[in-house]
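These notes are about the structure you will find just below.
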Amino acid sequence: MKKIVLFASGSGSNVENIILYFKSNSVIEVTGVFCNNPSAKVIDRALQYQIPVIVFSKEELNNDFVLAKLLEFQPDIIVLAGFLWRLPTSIIENFPNKIINIHPALLPKYGGKGMYGMNVHAAVIENRDSETGITIHHVNENYDEGNIIFQESIKIDDCKSPEEIASRIRKLEQKRFPAIIEKFLIPKS
């Protein structure tokens with residue numbers, strides 16, 4: 001079996017979508033969820049599907065506690081699905097080209113520290129962009145700078161608020177993210 005470990009910080013809508021997508025898959029499974037927020041809704045979402053959850057602090061992320069746990073899980077891919085902290089170099093070096101993230105904009109636009117969630121959508125509205133989208137990319141030591149795996153854009157001419165954009169982006173993420181993970185793990189020849 002190919003094993004996925006998910007990292008999340010918040011509600012976990014992408015995490016639940018990924019869990020459901022692979023729930024009856026015979027070759028890929030979600031084996032764990034790592035969360036840095038002990039009160040995040042993602043914890044309940046994961047436990048509802050009997051997925052083990054590891055909750056950790058910033059200190060535990062940086063002192064190799066999280067790395068040790070990841071080495072126990074031996075994932076084929078680590079997926080950041082709404083995870084807001086930067087991963088330490090030790091994790092990136094131990095899982096080269098096996099960590100991916102989804103970003104709610106067309107990188108390199110609206111990437112970097114502080115550019116997540118509504119901050120991204122507000123910047124898109126403020127700049128009067130006519131389109132935005134999602135980017136799925138490899139994770140390196142810098143926020144949102146890893147090699148791009150997949151991008152898709154959508155028109156947003158008629159959107160009047162960051163919330164409207166967020167709703168459209170969420171639908172696009174739900175549709176594309178699990179399929180791109182699957183393609184990453186089992187490339188079609």
Side-chain angles (χ1 to χ4, degrees), residues 1-25 27-92 94-95 98-105 113-121 134-139 143-144 146 162-163 166-182 184-185:
M1 288 291 276
K2 298 278 189 181
K3 296 184 276 189
I4 302 170
V5 165
L6 301 164
F7 273 63
S9 298
S11 75
S13 58
N14 266 328
V15 166
E16 185 170 24
N17 187 50
I18 293 164
I19 290 169
L20 290 172
Y21 185 90
F22 291 107
K23 194 169 193 261
S24 55
N25 192 300
V27 292
I28 300 171
E29 65 180 340
V30 175
T31 58
V33 171
F34 284 59
C35 182
N36 62 313
N37 177 356
S39 59
K41 280 168 95 177
V42 70
I43 295 167
D44 293 332
R45 288 187 197 242
L47 293 175
Q48 157 187 337
Y49 300 102
Q50 290 76 50
I51 307 290
V53 176
I54 306 295
V55 179
F56 59 90
S57 67
K58 186 150 225 139
E59 182 184 338
E60 290 170 323
L61 178 65
N62 293 316
N63 73 9
D64 289 341
F65 167 83
V66 172
L67 174 60
K69 288 291 183 190
L70 282 170
L71 292 171
E72 287 175 23
F73 277 82
Q74 283 298 302
D76 294 284
I77 188 173
I78 298 168
V79 177
L80 308 187
F83 183 68
L84 301 180
W85 291 352
R86 185 167 50 207
L87 292 179
T89 304
S90 60
I91 292 175
I92 293 165
N94 273 276
F95 296 93
K98 289 185 173 184
I99 309 171
I100 66 172
N101 181 46
I102 190 163
H103 187 75
K113 189 169 175 60
M115 277 297 177
Y116 59 88
M118 284 299 171
N119 297 348
V120 172
H121 308 314
I134 60 169
T135 303
I136 299 168
H137 63 93
H138 286 281
V139 172
Y143 286 112
D144 304 322
E163 291 77 15
S167 175
R168 289 194 188 171
I169 290 296
R170 194 171 305 109
K171 286 178 186 148
L172 186 58
E173 287 176 344
Q174 301 270 311
K175 181 178 175 187
R176 297 288 186 218
F177 202 17
I180 297 300
I181 294 166
E182 183 174 36
F184 184 89
L185 285 169

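Since we're looking at a predicted model, the values are computed, not measured. The basis for the numbers below is simple: all heavy atoms, side chains too, and nothing from hydrogens, waters or symmetry mates.
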**Message:** Could you check, using the six-membered ring where one of them is a Trp, whether Y21 and F177 have ring centers closer than 6.0 angstrom?
**Reply:** no
**Asked** At what distance, to the nearest 0.5 angstrom, does CD of E29 lie from CD1 of I51?
**Response** 8.0 Å
**Fill in**
Taking every heavy atom of P178 against every heavy atom of Q174, the minimum-distance pair comes out as CD-O, 3.5 Å
**Asked** What distance do L185 atom CG and I180 atom CD1 have between them, rounded to the nearest 0.5 Å?
**Response** 11.5 Å
**Prompt:** Under the side chain to side chain contact (heavy atoms under 4.5 Å, CB included) criterion, do V66 and I54 qualify, and how do the steps go?
**Reply:** CA-CA 8 Å; V66 172; I54 306 295; 5.8 Å; no
**Message:** Exactly one of L6, V33, N14, V53 should register a side-chain contact (heavy atoms from CB on, under 4.5 Å) with V42. Which one does?
**Reply:** V33
**Message:** For H103 and Y143, I'd like to know if the aromatic rings sit close, meaning centre-to-centre distance below 6.0 Å.
**Reply:** no
**Item:** Test applied, salt bridge (Lys or Arg N to Asp or Glu O under 4.0 Å); reference residue, E16; option that passes from K23, R45, K41
**Value:** R45
**Asked** Quick one: does L67's side chain get under 4.5 Å of N94's, heavy atoms only?
**Response** yes
**Message:** Measuring only between side-chain heavy atoms, which start at C-beta, is L87 closer than 4.5 Å to L80?
**Reply:** yes
**Prompt:** Does some side-chain heavy atom of N17 sit less than 4.5 Å from a side-chain heavy atom of L20?
**Reply:** no
**Message:** With side chain to side chain contact (heavy atoms under 4.5 Å, CB included) as the criterion, how do I77 and I100 come out once you've worked through the C-alpha distance, each side chain's angles and the decisive distance to 0.1 Å?
**Reply:** CA-CA 8 Å; I77 188 173; I100 66 172; 3.7 Å; yes
**Request:** Calculate, to the nearest 0.5 Å, the distance between atoms CD1 and CD1 belonging to I136 and I102 respectively.
**Result:** 4.5 Å
**Prompt:** Are E182 and F22 close enough that some pair of their side-chain heavy atoms sits under 4.5 Å apart?
**Reply:** yes
**Prompt:** What distance separates I134 CD1 from K175 NZ, expressed to the nearest 0.5 Å?
**Reply:** 10.0 Å
**Request:** Locate the shortest heavy-atom distance separating A166 from M118; write the atom from each residue and the value.
**Result:** CB-CE, 3.5 Å
**Request:** Decide yes or no for L61 and N36: does some side-chain heavy atom of the first lie under 4.5 Å from some side-chain heavy atom of the second?
**Result:** no
**Fill in**
dist L84:CG -> S9:OG (nearest 0.5 Å) comes out at 4.0 Å
**Prompt:** What closest approach, in Å, do I92 and I99 show between heavy atoms, and which atom pair accounts for it?
**Reply:** CA-CD1, 3.9 Å
**Asked** If we only count heavy atoms from C-beta on, is the N37 to S39 side-chain gap below 4.5 Å?
**Response** yes
**Request:** Look at atom CD of Q74 and say whether more than 12 heavy atoms of other residues, nucleotides or ligands are closer to it than 6.0 Å.
**Result:** yes
**Prompt:** Can you check whether I28's main-chain N or O pairs, donor with acceptor, with N25's side chain at less than 3.5 Å?
**Reply:** yes
**Asked** How far apart are the C-alpha atoms of F184 and H138, what are their side-chain angles, what is the distance that settles it, and do they pass the ring-ring contact (aromatic ring centres under 6.0 Å, His included) test?
**Response** CA-CA 11 Å; F184 184 89; H138 286 281; 5.7 Å; yes
**Nearest-0.5 Å distance, CG of residue N101 to OH of residue Y116** = 14.0 Å
**Request:** Please examine the side chains of P104 and E173, heavy atoms only from C-beta on, and report whether any two atoms are closer than 4.5 Å.
**Result:** yes
**Asked** Would you say the side-chain atoms of N119 pair up with the backbone N or O of M115, donor to acceptor, closer than 3.5 Å?
**Response** no
**Request:** Check whether any side-chain N or O of E60 sits under 3.5 Å from a backbone N or O of S57 as a donor-acceptor pair, and report yes or no.
**Result:** yes
**Prompt:** What's the shortest heavy-atom distance between H137 and G146, and which atoms?
**Reply:** CB-O, 3.8 Å
**Asked** Which heavy atom in F95 sits nearest to a heavy atom in L71, and how many Å separate them?
**Response** CZ-CD2, 4.0 Å
**Request:** Kindly assign one of parallel, tilted or perpendicular to the pair F7 and F83, based on the angle between their ring planes and the thresholds 30° and 60°.
**Result:** perpendicular
**Complete:** For V120 and A105 the tightest heavy-atom approach is CG1-CB, 3.5 Å
**Prompt:** Under 3.5 Å, is there a donor-acceptor pair between the side chain of D76 and the main chain of K3?
**Reply:** yes
